[in-house]
J.: 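Right, I'll just put the structure down here and ask away after.
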Amino acid sequence: MIRDPRVVRPLRLILRALRPPPGRHRIGLALCYGILCHLVFACAVAAMSVVMFHGMNASLGAVSWPWAPLANGVLLLQFPLLHSWLLTRRGRAVLARLVPGDHSGTLSTTSYAIIASVQLLLLFALWTPTGIIWWRAEGLSFLLLCTMYGASWLFLMKASFDAGIEVQSGALGWMSLLAGKRPVYPGMPVRGLFRYIRHPIYLAFTLTLWTVPVWTPDQLILALVFSTYCLLAPCLKERRFSRHYGERFERYRASVPYFLPAFGRVTRRFDGRRTNQNAHHNLKTPEEDCM
């Protein structure tokens, strides 16, 4: 019998969504939001993976110079700034009011995922390339970097699964609405990769930035800015975790490294098989487990 909450939660959510109670308006709204969320998410991931693979030279932006650097700067900064602001109290309040009617709070995680996906899609689709290529991998180095790039994306997928795939993908909101249930949020993640580092999603995202086979000034700027964001943004997330989980998070923080693994330091109390993941399912801040 499967007991892993990382698997049980999404399965229960899917099974409940497959048997929705009556409510034509609610069902229609949930399905529309779900289709929009996952379609934009897929487009954003595809754009990001392809454009970075080509060193940011495969994007569609065509802003004339000297305005191109300004446009690229706006595209580059809008993601970390808005993405982080939406996790503040004011940002969460905005998310809770985006959908007219009584369902906005339920759909807040889906709204958050849609906005993040649109931000990434805009960044990678509309970036104006410089056209300058410093280095392009060939032969064995190309195969090695392609392998590392693919492995970084798999690492990112695994980290998202460990954090709660239903929240990370935006499915929690629209599937809960479809099922006519209040969203059940994951507790503090301590299983899988979270046993070795506190922020595996940020580490995985950073690795995708530095394992591309084509290097350009565009890619270097992107990698430097987003790597800085990945190093600093978790500090804000940890403040929220400290408020909501208190002493339990402080014990976890004292035992598990911040960004890079130190195998052997993880204590047994944070083994996912020994941790009660249900203690904080009903927190009113669902975005706490998002990147």
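Everything numeric in this text was worked out from a predicted model, so none of it was measured.
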J.: Distance-only criterion, 3.5 Å: show the donor-acceptor pairs between side-chain atoms of residues 120-127 and protein atoms not counting sequence neighbours.
T.:
residue, atom, partner, partner atom, Å
Trp127, NE1, Asp218, OD2, 2.8

J.: Other than Met157, which residues form its hydrophobic cluster under the rule that side-chain heavy atoms must be closer than 4.5 Å?
T.: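 Once heavy-atom contacts under 4.5 Å are chained together, Met157 belongs with Leu154.
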
J.: Enumerate the residue pairs fulfilling salt bridge (Lys or Arg N to Asp or Glu O under 4.0 Å) with a member in residues 10-26, sequence neighbours excluded, ordered by first and then second residue.
T.: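 Every candidate salt bridge (Lys or Arg N to Asp or Glu O under 4.0 Å) pair involving residues 10-26 fails, so no pair, neighbours aside, qualifies.
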
J.: If you take all heavy atoms of Glu238 and Phe249, which pair is closest and at what distance?
T.: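 It is O-CE2, 3.6 Å.
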
J.: Ring centroids only, cut at 6.0 angstrom: are Tyr202 and Phe259 within range, meaning strictly under it?
T.: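 Judged by ring-centre distance (under 6.0 Å), Tyr202 and Phe259 do not meet the cut-off.
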
J.: Below 4.5 Å, heavy atoms only, C-beta onward: do Leu193 and Leu203 meet side chain to side chain?
T.: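 They are not in contact (no side-chain heavy atoms under 4.5 Å apart), so the answer is no.
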
J.: Determine the minimum heavy-atom distance between Tyr258 and Pro234, stating which atoms define it.
T.: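 That closest heavy-atom pairing would be OH-CB, 3.1 Å.
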
J.: In terms of relative ring orientation, are Phe79 and His83 parallel, tilted or perpendicular, with 30° and 60° separating the classes?
T.: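 Phe79 vs His83 ring planes: parallel.
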
J.: Answer yes if Leu224 and Met48 sit in the same cluster of Ile, Leu, Val, Met, Phe, Trp and Tyr residues linked by side chain heavy atoms under 4.5 Å apart, and no otherwise.
T.: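 In one cluster: yes.
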
J.: Quick one: pull up CD1 in Ile114 and CG in Leu107 and give me the separation to the nearest 0.5 Å.
T.: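 Interatomic distance, Ile114 CD1 to Leu107 CG, rounded to 0.5 Å: 8.0 Å.
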
J.: State which residues pass ring pair (Phe, Tyr, Trp, His ring centres under 6.0 Å) with Trp210; sequence neighbours excluded, sorted by chain then number.
T.: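 Checked Trp210 against ring pair (Phe, Tyr, Trp, His ring centres under 6.0 Å); matches are Trp215.
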
J.: Drop me the distance from Leu81's CG to Tyr229's OH, to the nearest 0.5 angstrom.
T.: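 If I round to the nearest 0.5 Å, the distance is 9.0 Å.
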
J.: How many angstroms lie between atom CG of Leu95 and atom OG of Ser104, to the nearest 0.5 angstrom?
T.: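 Leu95 atom CG to Ser104 atom OG measures 8.0 Å (nearest 0.5 Å).
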
J.: Which residues pass the salt bridge (Lys or Arg N to Asp or Glu O under 4.0 Å) test with Glu138, sequence neighbours left out?
T.: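 None.
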
J.: Do Leu236 and Ile201 share a hydrophobic cluster (ILVMFWY, side-chain heavy atoms under 4.5 Å, transitive)?
T.: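 No, no single cluster joins them.
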
J.: Can you check whether His244 reaches Met188 side chain to side chain, under 4.5 Å on heavy atoms?
T.: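 No - every pair of side-chain heavy atoms lies 4.5 Å or more apart.
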
J.: Do Thr216 side-chain atoms and Gly55 backbone N/O form a donor-acceptor pair below 3.5 Å?
T.: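 Side chain of Thr216 to backbone of Gly55, a donor-acceptor pair under 3.5 Å: yes, one is there.
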
J.: Going only through I, L, V, M, F, W and Y residues with side-chain contacts under 4.5 Å, is there a path from Val214 to Leu220?
T.: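 Val214 and Leu220: separate clusters.
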
J.: Just how far is it from atom CG of Leu172 to atom CD1 of Ile165, taken to the nearest 0.5 Å?
T.: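 Interatomic distance, Leu172 CG to Ile165 CD1, rounded to 0.5 Å: 11.5 Å.
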
J.: Should Asn72 and Ile221 count as side-chain neighbours, where that means a heavy-atom distance under 4.5 Å?
T.: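 Side chain of Asn72 against side chain of Ile221, heavy atoms only: no contact under 4.5 Å found.
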
J.: Donor-acceptor check, side chain of Ser255 to backbone of Tyr252, threshold 3.5 angstrom: yes or no?
T.: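 Looks like no, no N/O pair under 3.5 Å.
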
J.: Taking the side chain from Asn57 and the backbone from Pro129, do they hold a donor-acceptor pair closer than 3.5 Å?
T.: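 No, Asn57 side chain to Pro129 backbone: no donor-acceptor pair under 3.5 Å.
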
J.: With sequence neighbours excluded, give me every ring pair (Phe, Tyr, Trp, His ring centres under 6.0 Å) pair touching residues 20-51.
T.: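 For residues 20-51: His38-Trp174.
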
J.: Short question: side chain of Ser141, backbone of Ala137 - any donor-acceptor pair under 3.5 Å?
T.: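 Side chain of Ser141 to backbone of Ala137, a donor-acceptor pair under 3.5 Å: no, none is there.
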
J.: For Ser242, what residues pass the side chain to side chain donor-acceptor pair (under 3.5 Å) criterion, not counting sequence neighbours?
T.: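 Partners of Ser242 by the side chain to side chain donor-acceptor pair (under 3.5 Å) criterion, ordered by chain and then number, come out as Glu250.
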
J.: Under the side chain to side chain donor-acceptor pair (under 3.5 Å) rule, collect the residues that match up with Gln78, sequence neighbours excluded.
T.: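 In terms of side chain to side chain donor-acceptor pair (under 3.5 Å), with neighbours along the sequence ignored, Gln78 is linked to Gln119.
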
J.: If you measure from CE on Met175 to OG1 on Thr109, what distance do you get to the nearest 0.5 Å?
T.: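 If I round to the nearest 0.5 Å, the distance is 11.0 Å.
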
J.: Side-chain contact, heavy-atom cut-off 4.5 Å: Pro257 with Tyr196?
T.: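 Answer no - side chains too far apart.
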
J.: Give the minimum heavy-atom separation between Leu207 and Phe155, together with the two atoms involved.
T.: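 Closest approach of Leu207 to Phe155, heavy atoms only: CD1-CD2, 3.6 Å.
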
J.: Identify, with sequence neighbours excluded, every residue that meets ring pair (Phe, Tyr, Trp, His ring centres under 6.0 Å) alongside Phe142.
T.: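 In terms of ring pair (Phe, Tyr, Trp, His ring centres under 6.0 Å), with neighbours along the sequence ignored, Phe142 is linked to no residue.
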
J.: With a 4.5 Å heavy-atom cut-off, do Ser176 and Leu13 have their side chains touching?
T.: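 Yes, side chains in contact.
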
J.: Is there a side-chain contact between Pro189 and Phe241 (heavy atoms, below 4.5 Å)?
T.: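 With C-beta onward as the side chain, the pair touches.
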
J.: When you measure from the side chain of Gln219 to the backbone of Leu209, do you find a donor-acceptor pair of N or O atoms at a distance under 3.5 Å?
T.: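 Here the side-chain-to-backbone pair exists.
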
J.: Enter the distance from Leu231:CG to Ser227:OG here, rounded to the nearest 0.5 Å.
T.: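 One gets 7.0 Å once the value is rounded to the nearest 0.5 Å.
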
J.: Can you list everything that forms a ring pair (Phe, Tyr, Trp, His ring centres under 6.0 Å) with Phe161? Sequence neighbours excluded, please.
T.: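 In terms of ring pair (Phe, Tyr, Trp, His ring centres under 6.0 Å), with neighbours along the sequence ignored, Phe161 is linked to no residue.
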
J.: Is there a donor-acceptor contact under 3.5 Å from the side chain of Thr110 to the main chain of Gly170?
T.: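 Judged by distance alone, yes, a pair lies under 3.5 Å.
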
J.: Would you mind writing out the side-chain donor-acceptor pairs for residues 60-70 within the sub-3.5 Å range, not counting sequence neighbours?
T.:
none

J.: Could you check whether any side-chain N or O of Thr208 sits under 3.5 Å from a backbone N or O of Trp153, counting only pairs where one atom can act as donor and the other as acceptor?
T.: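 No, Thr208 side chain to Trp153 backbone: no donor-acceptor pair under 3.5 Å.
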
J.: Of all the heavy-atom pairs spanning Val212 and Leu145, show the shortest one and how long it is.
T.: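 Result for this residue pair: O-CD1, 3.8 Å.
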
J.: For the hydrophobic clusters of this structure (ILVMFWY residues joined by side-chain heavy atoms under 4.5 Å, transitively), does one cluster hold both Leu39 and Val50?
T.: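 Different clusters: Leu39 never reaches Val50 through Ile, Leu, Val, Met, Phe, Trp or Tyr contacts under 4.5 Å.
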
J.: Grouping I, L, V, M, F, W and Y whenever their side-chain heavy atoms are under 4.5 Å apart, do Leu18 and Leu31 come out in a common cluster?
T.: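 Yes, Leu18 and Leu31 fall within the same hydrophobic cluster.
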
J.: Answer yes or no: is there a donor N or O on one side and an acceptor on the other, between the side chain of Tyr112 and the main chain of Arg92, under 3.5 Å?
T.: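 Checked: no pair found.
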
J.: Provide the full list of salt bridge (Lys or Arg N to Asp or Glu O under 4.0 Å) pairs with a residue in residues 150-175, sequence neighbours left out, each pair given once.
T.: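 Counting only pairs at least two positions apart or across chains, the salt bridge (Lys or Arg N to Asp or Glu O under 4.0 Å) contacts touching residues 150-175 are Arg6-Asp162, Arg9-Glu166, Lys158-Asp162.
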
J.: Nearest heavy-atom pair of Leu222 and Met56: which atoms, and what distance?
T.: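 That would be CD2-SD, 3.7 Å.
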
J.: Do you know which two heavy atoms are closest between Pro21 and Ile27, and how far apart they sit?
T.: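 Heavy atoms of Pro21 and Ile27 come nearest at O-CD1, 3.6 Å.
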
